[in-house]
Amino acid sequence: MRIDKFLKVSRLLKRRSVAQEACGADKILLNGKAAKPGARVKEGDIIEILFAGGTLRCRVLAVKETVKKDEAASMYEVLA
């Protein structure tokens, strides 16, 4: 799955267009490297999102095309 779609489906970012813009601005890191919107995500990958107020680091636990709002948080694990 593309990283921009994963960020939207997992609800880490609100919209896919926002995820694409963040990737274009090098605000999304996949396994320590800047990710383009089309970068492929698989289970076990580490995603870092660079926000103005800090960084969110999480590990991908599951890659699903669609999930319900309640199940979205089960797709990733937040790391310290």
[X] side chain near [Y] side chain, heavy-atom distance below 4.5 Å:
X: L79; Y: E77; result: yes
X: R2; Y: R16; result: yes
X: L61; Y: S74; result: no
X: L13; Y: I28; result: yes
X: T66; Y: V9; result: no
X: T55; Y: L29; result: no
X: V67; Y: M75; result: yes

### Query
Should V60 and V78 be regarded as members of a common hydrophobic cluster, given that ILVMFWY residues are connected when their side-chain heavy atoms come within less than 4.5 Å of each other, either directly or indirectly?
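Same hydrophobic cluster.
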
### same_hphob_cluster(L50, V41) at 4.5 Å side-chain heavy-atom cutoff
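The answer is no; the residues belong to distinct hydrophobic clusters.
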
### Query
Below 4.0 angstrom, N of the basic side chain to O of the carboxylate: do E65 and K5 qualify?
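The answer is yes: the pair qualifies as a salt bridge.
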
#### Entry: salt_bridge(D70, K68) N-O dist < 4.0 Å
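Looking at D70 and K68, the cut-off is not met.
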
Can you tell me how far the [atom1] atom of [X] sits from the [atom2] atom of [Y], to the nearest 0.5 Å?
X: E48; Y: N31; atom1: CD; atom2: CG; result: 9.5 Å
X: K8; Y: Q20; atom1: NZ; atom2: CD; result: 11.5 Å
X: C58; Y: L7; atom1: SG; atom2: CG; result: 8.0 Å
X: F6; Y: K42; atom1: CZ; atom2: NZ; result: 12.5 Å
X: S10; Y: I47; atom1: OG; atom2: CD1; result: 7.0 Å
X: Y76; Y: L12; atom1: OH; atom2: CG; result: 4.5 Å

### Task
Determine, step by step, whether L30 and D45 satisfy the side chain to side chain contact (heavy atoms under 4.5 Å, CB included) criterion, reporting the C-alpha distance in whole Å, the side-chain angles of both residues, the deciding distance to 0.1 Å, and the verdict.
CA-CA 7 Å; L30 180 62; D45 283 349; 3.8 Å; yes

### Message
Looking at every non-hydrogen atom in both residues, tell me the closest pair between A35 and C23 and how far apart they are.
### Response
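For A35 and C23, the tightest heavy-atom pair comes out as O-CB, 3.3 Å.
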
